[in-house]
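Below is one structure, written out as C-alpha coordinates; comments come after it.
Since this is a predicted model, take the numbers as computed values, not measurements. Whatever order the structure lists them in is the order used to number ligands and atoms, beginning at 1.
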Amino acid sequence: MKATGETPAYRAGYVTLIGPPNAGKSSVINALLGEKAVAVSGKPQTTRNAVRCVLTTGAYQMVVVDTPGVHKPRYALGKYMAREIEKALGTVDAVCLVADITKPLDDSVREIAARSGAPLVLAVNKIDKLRDKEDFWKYLETFQERLKQSSVVPVSALEGTNIRELADELAKYLPEGGAIYDGDVLMDATERFLAAEIIRERVFEAAEQEVPHSTAVNVEEFKSPDEYPGMERASIRADIIVERPGQKGILIGQGGRMLKKIKAESKREMERRFGWPVTLELWVKVRPGWRKSNEGIRTAGYAR
Ligand SMILES: Nc1nc2c(ncn2[C@@H]2O[C@H](COP(=O)(O)OP(=O)(O)OP(=O)(O)O)[C@@H](O)[C@H]2O)c(=O)[nH]1
Ligand SMILES: [Mg+2]
(Lines give C-alpha, C1' and ligand atoms only; values in the text may rest on other atoms or scores of the structure.)
(Ligands and ions follow the chains in the order given, each with its own letter.)
Protein backbone atom coordinates (compact mmCIF):
# COMPACT_ATOMS: atom_id res chain seq x y z
CA MET A 1 0.00 0.00 0.00
CA LYS A 2 1.16 3.48 -0.78
CA ALA A 3 2.05 5.76 2.10
CA THR A 4 -0.43 8.58 2.69
CA GLY A 5 0.37 11.61 0.59
CA GLU A 6 2.52 9.69 -1.89
CA THR A 7 1.84 10.81 -5.46
CA PRO A 8 0.45 7.97 -7.57
CA ALA A 9 2.80 6.82 -10.33
CA TYR A 10 2.35 8.30 -13.80
CA ARG A 11 0.53 6.06 -16.24
CA ALA A 12 0.64 5.86 -20.02
CA GLY A 13 -0.79 3.58 -22.67
CA TYR A 14 -3.16 2.95 -25.56
CA VAL A 15 -6.95 2.93 -25.86
CA THR A 16 -8.64 2.13 -29.17
CA LEU A 17 -12.14 3.42 -29.91
CA ILE A 18 -14.24 1.19 -32.10
CA GLY A 19 -17.89 1.11 -33.06
CA PRO A 20 -20.40 1.25 -35.89
CA PRO A 21 -20.10 3.95 -38.57
CA ASN A 22 -21.49 7.33 -37.49
CA ALA A 23 -21.75 6.39 -33.78
CA GLY A 24 -19.59 9.39 -32.89
CA LYS A 25 -16.16 7.84 -32.29
CA SER A 26 -14.28 10.76 -33.82
CA SER A 27 -16.55 13.23 -31.99
CA VAL A 28 -15.79 11.47 -28.68
CA ILE A 29 -12.07 11.77 -29.40
CA ASN A 30 -12.36 15.48 -30.18
CA ALA A 31 -14.35 15.93 -26.96
CA LEU A 32 -11.72 14.00 -24.95
CA LEU A 33 -8.95 16.18 -26.38
CA GLY A 34 -11.01 19.36 -26.04
CA GLU A 35 -9.91 20.22 -29.60
CA LYS A 36 -11.10 19.57 -33.12
CA ALA A 37 -8.48 17.00 -34.09
CA VAL A 38 -10.08 14.32 -36.29
CA ALA A 39 -12.62 14.57 -39.10
CA VAL A 40 -16.31 14.32 -38.26
CA SER A 41 -19.35 14.29 -40.55
CA GLY A 42 -22.99 13.30 -40.62
CA LYS A 43 -22.18 10.63 -43.24
CA PRO A 44 -21.07 7.12 -42.27
CA GLN A 45 -17.51 5.95 -43.02
CA THR A 46 -15.93 9.35 -42.59
CA THR A 47 -12.85 7.94 -40.83
CA ARG A 48 -10.68 5.76 -43.08
CA ASN A 49 -7.41 5.47 -41.15
CA ALA A 50 -6.54 4.53 -37.60
CA VAL A 51 -5.34 7.84 -36.16
CA ARG A 52 -3.46 8.18 -32.89
CA CYS A 53 -4.46 11.14 -30.77
CA VAL A 54 -2.86 12.03 -27.47
CA LEU A 55 -4.53 13.11 -24.24
CA THR A 56 -1.98 14.29 -21.68
CA THR A 57 -2.91 15.16 -18.09
CA GLY A 58 -0.89 15.54 -14.92
CA ALA A 59 -1.70 11.94 -13.98
CA TYR A 60 -1.62 10.04 -17.26
CA GLN A 61 -1.03 10.09 -20.98
CA MET A 62 -3.59 8.21 -23.02
CA VAL A 63 -3.02 7.53 -26.71
CA VAL A 64 -6.58 7.33 -28.03
CA VAL A 65 -6.81 5.65 -31.41
CA ASP A 66 -9.68 6.61 -33.72
CA THR A 67 -10.76 3.91 -36.19
CA PRO A 68 -13.11 3.54 -39.16
CA GLY A 69 -16.64 2.35 -38.40
CA VAL A 70 -17.11 -1.42 -38.44
CA HIS A 71 -18.94 -2.43 -41.62
CA LYS A 72 -18.97 -5.22 -44.18
CA PRO A 73 -16.43 -4.17 -46.81
CA ARG A 74 -17.63 -4.06 -50.40
CA TYR A 75 -14.49 -2.73 -52.07
CA ALA A 76 -10.71 -2.64 -51.63
CA LEU A 77 -11.10 0.61 -49.69
CA GLY A 78 -13.47 -1.03 -47.18
CA LYS A 79 -11.04 -3.92 -46.73
CA TYR A 80 -8.24 -1.44 -46.09
CA MET A 81 -10.44 0.22 -43.44
CA ALA A 82 -11.18 -3.15 -41.80
CA ARG A 83 -7.43 -3.82 -41.62
CA GLU A 84 -6.92 -0.43 -39.99
CA ILE A 85 -9.37 -1.49 -37.24
CA GLU A 86 -7.56 -4.82 -36.72
CA LYS A 87 -4.21 -3.05 -36.57
CA ALA A 88 -5.50 -0.60 -33.97
CA LEU A 89 -6.65 -3.49 -31.78
CA GLY A 90 -3.19 -5.11 -31.87
CA THR A 91 -1.66 -3.78 -28.68
CA VAL A 92 -4.09 -1.94 -26.47
CA ASP A 93 -4.58 -1.49 -22.76
CA ALA A 94 -8.32 -1.02 -23.17
CA VAL A 95 -10.93 -0.90 -25.89
CA CYS A 96 -13.70 1.69 -25.84
CA LEU A 97 -16.77 0.64 -27.77
CA VAL A 98 -18.73 3.71 -28.83
CA ALA A 99 -22.40 2.91 -29.44
CA ASP A 100 -25.15 5.25 -30.64
CA ILE A 101 -28.06 5.11 -28.20
CA THR A 102 -30.57 5.58 -31.02
CA LYS A 103 -29.41 2.47 -32.90
CA PRO A 104 -29.19 -1.20 -31.95
CA LEU A 105 -25.65 -2.51 -31.75
CA ASP A 106 -24.69 -4.98 -34.45
CA ASP A 107 -23.23 -8.37 -33.44
CA SER A 108 -20.18 -7.87 -35.68
CA VAL A 109 -19.17 -4.81 -33.65
CA ARG A 110 -19.47 -6.77 -30.41
CA GLU A 111 -17.33 -9.58 -31.79
CA ILE A 112 -14.56 -7.27 -32.97
CA ALA A 113 -14.64 -5.37 -29.68
CA ALA A 114 -14.15 -8.59 -27.73
CA ARG A 115 -11.42 -9.96 -30.01
CA SER A 116 -8.45 -8.12 -28.51
CA GLY A 117 -9.15 -9.51 -25.05
CA ALA A 118 -8.39 -6.11 -23.50
CA PRO A 119 -10.80 -4.61 -20.93
CA LEU A 120 -13.85 -3.19 -22.66
CA VAL A 121 -15.49 0.10 -21.71
CA LEU A 122 -18.82 0.81 -23.34
CA ALA A 123 -19.47 4.48 -24.11
CA VAL A 124 -23.12 4.95 -25.00
CA ASN A 125 -23.05 8.16 -27.03
CA LYS A 126 -25.67 10.71 -28.12
CA ILE A 127 -27.54 10.59 -24.81
CA ASP A 128 -28.62 14.16 -25.55
CA LYS A 129 -31.11 12.54 -27.92
CA LEU A 130 -32.78 10.60 -25.09
CA ARG A 131 -36.27 11.82 -24.24
CA ASP A 132 -36.74 9.49 -21.29
CA LYS A 133 -33.82 8.48 -19.02
CA GLU A 134 -35.38 5.02 -18.60
CA ASP A 135 -34.59 4.38 -22.25
CA PHE A 136 -30.91 4.21 -21.35
CA TRP A 137 -31.49 1.09 -19.23
CA LYS A 138 -33.72 -0.40 -21.89
CA TYR A 139 -30.91 0.13 -24.40
CA LEU A 140 -28.41 -1.64 -22.16
CA GLU A 141 -30.75 -4.57 -21.62
CA THR A 142 -30.82 -5.27 -25.36
CA PHE A 143 -27.30 -6.60 -25.28
CA GLN A 144 -26.29 -6.88 -21.65
CA GLU A 145 -25.60 -10.60 -21.73
CA ARG A 146 -23.79 -10.59 -25.02
CA LEU A 147 -21.15 -8.02 -24.17
CA LYS A 148 -18.58 -8.52 -21.45
CA GLN A 149 -17.88 -4.89 -20.75
CA SER A 150 -16.03 -3.81 -17.64
CA SER A 151 -18.06 -0.64 -17.32
CA VAL A 152 -20.57 1.57 -19.07
CA VAL A 153 -20.44 5.36 -19.39
CA PRO A 154 -23.35 7.26 -20.94
CA VAL A 155 -21.91 10.24 -22.85
CA SER A 156 -22.76 13.03 -25.23
CA ALA A 157 -19.80 14.10 -27.35
CA LEU A 158 -21.95 16.92 -28.67
CA GLU A 159 -22.68 18.44 -25.28
CA GLY A 160 -19.57 17.20 -23.48
CA THR A 161 -21.60 15.18 -20.97
CA ASN A 162 -19.52 12.69 -18.93
CA ILE A 163 -16.48 13.07 -21.19
CA ARG A 164 -14.14 13.66 -18.24
CA GLU A 165 -15.67 10.62 -16.51
CA LEU A 166 -15.05 8.52 -19.62
CA ALA A 167 -11.40 9.65 -19.78
CA ASP A 168 -10.84 8.78 -16.12
CA GLU A 169 -12.57 5.42 -16.51
CA LEU A 170 -10.37 4.50 -19.50
CA ALA A 171 -7.26 5.78 -17.72
CA LYS A 172 -7.74 3.16 -15.00
CA TYR A 173 -6.47 0.55 -17.45
CA LEU A 174 -3.25 2.34 -18.40
CA PRO A 175 -0.10 0.75 -17.02
CA GLU A 176 2.38 2.67 -14.93
CA GLY A 177 5.01 4.31 -17.10
CA GLY A 178 6.36 7.54 -18.52
CA ALA A 179 4.73 9.57 -21.29
CA ILE A 180 5.01 8.11 -24.80
CA TYR A 181 4.76 11.47 -26.62
CA ASP A 182 5.85 14.99 -25.70
CA GLY A 183 3.16 16.66 -23.61
CA ASP A 184 2.21 19.15 -26.34
CA VAL A 185 1.56 16.52 -29.06
CA LEU A 186 -2.12 16.32 -30.02
CA MET A 187 -1.94 13.78 -32.83
CA ASP A 188 0.56 11.40 -34.34
CA ALA A 189 -0.09 12.56 -37.89
CA THR A 190 1.73 14.67 -40.47
CA GLU A 191 0.44 18.10 -41.46
CA ARG A 192 0.13 16.74 -44.99
CA PHE A 193 -2.28 14.05 -43.74
CA LEU A 194 -4.22 16.64 -41.73
CA ALA A 195 -4.51 18.93 -44.76
CA ALA A 196 -5.98 16.05 -46.81
CA GLU A 197 -8.40 15.16 -44.00
CA ILE A 198 -9.57 18.77 -43.66
CA ILE A 199 -10.44 18.89 -47.37
CA ARG A 200 -12.08 15.44 -47.30
CA GLU A 201 -14.18 16.43 -44.30
CA ARG A 202 -15.48 19.46 -46.23
CA VAL A 203 -16.38 17.20 -49.17
CA PHE A 204 -18.21 14.80 -46.81
CA GLU A 205 -20.25 17.67 -45.43
CA ALA A 206 -20.92 19.36 -48.78
CA ALA A 207 -21.72 16.44 -51.10
CA GLU A 208 -24.46 13.82 -51.00
CA GLN A 209 -24.98 10.10 -51.66
CA GLU A 210 -22.06 8.27 -53.28
CA VAL A 211 -19.91 11.35 -53.90
CA PRO A 212 -18.20 11.55 -50.48
CA HIS A 213 -17.52 7.82 -50.47
CA SER A 214 -16.00 8.06 -53.95
CA THR A 215 -13.68 10.87 -52.88
CA ALA A 216 -10.06 10.78 -51.83
CA VAL A 217 -7.69 13.69 -51.36
CA ASN A 218 -4.03 13.66 -52.33
CA VAL A 219 -1.83 16.51 -51.18
CA GLU A 220 0.61 16.93 -54.04
CA GLU A 221 2.56 19.84 -52.57
CA PHE A 222 2.93 21.00 -49.00
CA LYS A 223 5.44 23.78 -48.38
CA SER A 224 5.35 25.46 -45.02
CA PRO A 225 7.32 28.31 -43.43
CA ASP A 226 8.63 25.66 -40.98
CA GLU A 227 10.55 24.00 -43.81
CA TYR A 228 11.17 27.10 -45.91
CA PRO A 229 11.89 29.94 -43.48
CA GLY A 230 11.80 32.54 -46.27
CA MET A 231 8.11 31.86 -46.91
CA GLU A 232 5.41 33.86 -45.21
CA ARG A 233 2.54 31.57 -46.15
CA ALA A 234 2.14 27.86 -46.52
CA SER A 235 1.59 26.71 -50.07
CA ILE A 236 -0.65 23.65 -50.40
CA ARG A 237 -1.77 21.99 -53.64
CA ALA A 238 -4.16 19.05 -53.50
CA ASP A 239 -6.11 16.81 -55.85
CA ILE A 240 -9.66 15.79 -54.97
CA ILE A 241 -10.02 12.40 -56.63
CA VAL A 242 -13.42 11.08 -57.66
CA GLU A 243 -14.54 7.98 -59.54
CA ARG A 244 -16.71 9.42 -62.32
CA PRO A 245 -16.87 12.55 -64.49
CA GLY A 246 -20.40 13.26 -63.15
CA GLN A 247 -19.00 13.39 -59.62
CA LYS A 248 -16.36 15.87 -60.74
CA GLY A 249 -19.14 18.07 -62.10
CA ILE A 250 -21.03 17.88 -58.80
CA LEU A 251 -17.98 18.83 -56.74
CA ILE A 252 -17.11 21.76 -58.98
CA GLY A 253 -20.73 22.88 -58.95
CA GLN A 254 -22.50 25.58 -60.94
CA GLY A 255 -20.04 28.29 -61.82
CA GLY A 256 -17.48 26.50 -59.62
CA ARG A 257 -19.52 27.38 -56.55
CA MET A 258 -19.18 24.12 -54.62
CA LEU A 259 -15.41 23.89 -55.14
CA LYS A 260 -14.98 27.52 -54.09
CA LYS A 261 -16.86 26.83 -50.87
CA ILE A 262 -14.82 23.68 -50.14
CA LYS A 263 -11.63 25.63 -50.81
CA ALA A 264 -12.56 28.64 -48.66
CA GLU A 265 -13.63 26.48 -45.71
CA SER A 266 -10.59 24.19 -45.99
CA LYS A 267 -8.23 27.15 -46.14
CA ARG A 268 -9.81 28.70 -43.05
CA GLU A 269 -9.55 25.46 -41.07
CA MET A 270 -5.93 24.90 -42.19
CA GLU A 271 -4.98 28.40 -41.09
CA ARG A 272 -6.57 27.77 -37.70
CA ARG A 273 -4.81 24.43 -37.27
CA PHE A 274 -1.40 25.23 -38.72
CA GLY A 275 -1.06 28.79 -37.51
CA TRP A 276 0.14 30.36 -40.80
CA PRO A 277 -1.66 31.97 -43.72
CA VAL A 278 -2.30 29.38 -46.43
CA THR A 279 -2.41 29.55 -50.22
CA LEU A 280 -4.52 26.59 -51.31
CA GLU A 281 -4.85 25.21 -54.81
CA LEU A 282 -7.47 22.50 -55.41
CA TRP A 283 -8.02 20.34 -58.49
CA VAL A 284 -10.71 17.73 -59.04
CA LYS A 285 -9.50 14.65 -60.95
CA VAL A 286 -11.27 11.50 -62.13
CA ARG A 287 -9.75 8.09 -61.51
CA PRO A 288 -12.38 5.59 -62.58
CA GLY A 289 -13.31 3.15 -59.81
CA TRP A 290 -10.21 3.95 -57.73
CA ARG A 291 -11.64 2.54 -54.48
CA LYS A 292 -12.37 -0.87 -56.01
CA SER A 293 -8.81 -2.07 -56.59
CA ASN A 294 -5.69 -2.32 -54.46
CA GLU A 295 -3.76 -0.35 -57.06
CA GLY A 296 -6.50 2.31 -57.05
CA ILE A 297 -6.54 2.80 -53.30
CA ARG A 298 -2.74 2.86 -53.18
CA THR A 299 -2.56 5.68 -55.71
CA ALA A 300 -5.30 7.51 -53.77
CA GLY A 301 -3.07 7.53 -50.69
CA TYR A 302 -4.29 4.42 -48.87
CA ALA A 303 -1.06 2.47 -48.70
CA ARG A 304 -1.20 -1.27 -48.15
N1 LIG B 1 -26.80 14.43 -31.13
C2 LIG B 1 -25.53 14.02 -31.12
N3 LIG B 1 -24.84 13.88 -32.28
C4 LIG B 1 -23.57 13.44 -32.21
C5 LIG B 1 -22.93 13.13 -30.98
N6 LIG B 1 -21.68 12.70 -31.25
C7 LIG B 1 -21.56 12.74 -32.59
N8 LIG B 1 -22.69 13.18 -33.17
C9 LIG B 1 -22.93 13.37 -34.61
O10 LIG B 1 -22.91 12.10 -35.23
C11 LIG B 1 -22.35 12.21 -36.55
C12 LIG B 1 -21.20 11.23 -36.71
O13 LIG B 1 -20.13 11.63 -35.89
P14 LIG B 1 -18.64 11.09 -36.11
O15 LIG B 1 -17.86 11.50 -34.92
O16 LIG B 1 -18.13 11.45 -37.45
O17 LIG B 1 -18.91 9.51 -36.05
P18 LIG B 1 -17.87 8.30 -36.27
O19 LIG B 1 -18.31 7.19 -35.38
O20 LIG B 1 -16.49 8.77 -36.11
O21 LIG B 1 -18.19 7.93 -37.78
P22 LIG B 1 -17.27 7.14 -38.86
O23 LIG B 1 -15.92 7.76 -38.86
O24 LIG B 1 -18.00 7.41 -40.12
O25 LIG B 1 -17.29 5.71 -38.47
C26 LIG B 1 -21.95 13.65 -36.73
O27 LIG B 1 -22.99 14.33 -37.41
C28 LIG B 1 -21.82 14.17 -35.31
O29 LIG B 1 -22.04 15.56 -35.19
C30 LIG B 1 -23.68 13.32 -29.76
O31 LIG B 1 -23.24 13.08 -28.64
N32 LIG B 1 -24.97 13.74 -29.91
MG1 LIG C 1 -14.92 8.77 -37.45
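Ligand 1 places these atoms under 4.0 Å from at least one heavy atom of S156: 31 (O). Of all the atoms in ligand 1, the ones that sit under 4.0 Å from a non-hydrogen atom of S41 are 11 (C), 12 (C), 13 (O), 16 (O), 26 (C), 27 (O). Within ligand 1, the atoms closer than 4.0 Å to a non-hydrogen atom of P44 are 24 (O), numbered from 1 in the order shown. The ligand atoms of ligand 1 that sit less than 4.0 angstrom from a heavy atom of G24 are 7 (C), 13 (O), 14 (P), 15 (O), 17 (O), 18 (P), 19 (O). Here is the list of ligand 1 atoms found below 4.0 Å of a heavy atom in G69: 25 (O). Within ligand 1, the atoms closer than 4.0 Å to a non-hydrogen atom of P21 are 25 (O), numbered from 1 in the order shown.
At distances below 3.5 Å, not a single donor-acceptor pair connects side-chain atoms of D93 with backbone N or O atoms of L170. A donor-acceptor contact shorter than 3.5 Å is absent between the side chain of R291 and the backbone of G78. Side chain of D132 to backbone of E134: a donor-acceptor contact under 3.5 angstrom is found. Looking at R192, its side chain does come within 3.5 Å of a backbone N or O of V219 through a donor-acceptor pair.
Contacts with ligand 1 closer than 4.0 Å are made by heavy atoms of both the backbone and the side chain of L158. With a 4.0 Å heavy-atom cut-off, ligand 1 is reached by the backbone of S27 and by its side chain too.
Among the atoms of A23, some N or O lies under 3.5 angstrom from an N or O of ligand 1. Geometrically, ligand 1 and T67 share no nitrogen or oxygen pair separated by less than 3.5 Å. The shortest N or O to N or O distance between K129 and ligand 1 is not below 3.5 Å.
Residue G19 places every heavy atom at 4.0 Å or more from ligand 1.
The protein non-hydrogen atom at the shortest distance from atom 12 (C) of ligand 1 is N22 OD1, 3.0 Å. Remark: minimum distance from atom 6 (N) of ligand 1 to any protein heavy atom is reached at N125 ND2, 3.1 Å.
Partners of K172 according to the side chain to side chain donor-acceptor pair (under 3.5 Å) rule, which considers only residues two or more places apart in sequence or in another chain, are E169.
One finds no salt bridge joining K285 and E220 here, because no Lys/Arg side-chain nitrogen approaches an Asp/Glu carboxylate oxygen to under 4.0 Å. Salt bridge E197/R200: present, at least one basic N to carboxylate O contact under 4.0 Å. Between E269 and R272 there is a salt bridge, with a side-chain nitrogen of the basic residue lying less than 4.0 Å from a carboxylate oxygen of the acidic one.
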CA sep, side-chain torsions, deciding dist, call: N294, Y80, side-chain hydrogen bond (donor to acceptor under 3.5 Å, both in side chains): CA-CA 9 Å; N294 286 332; Y80 168 87; over 6 Å; no
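Taking only non-hydrogen atoms, the option from E159, Q45, K25, H71 nearest to atom 19 (O) of ligand 1 is K25.
For the Mg ion (ligand 2), the set of protein N/O/S atoms nearer than 2.8 Å consists of S26 OG, T47 OG1, ordered by chain and number.
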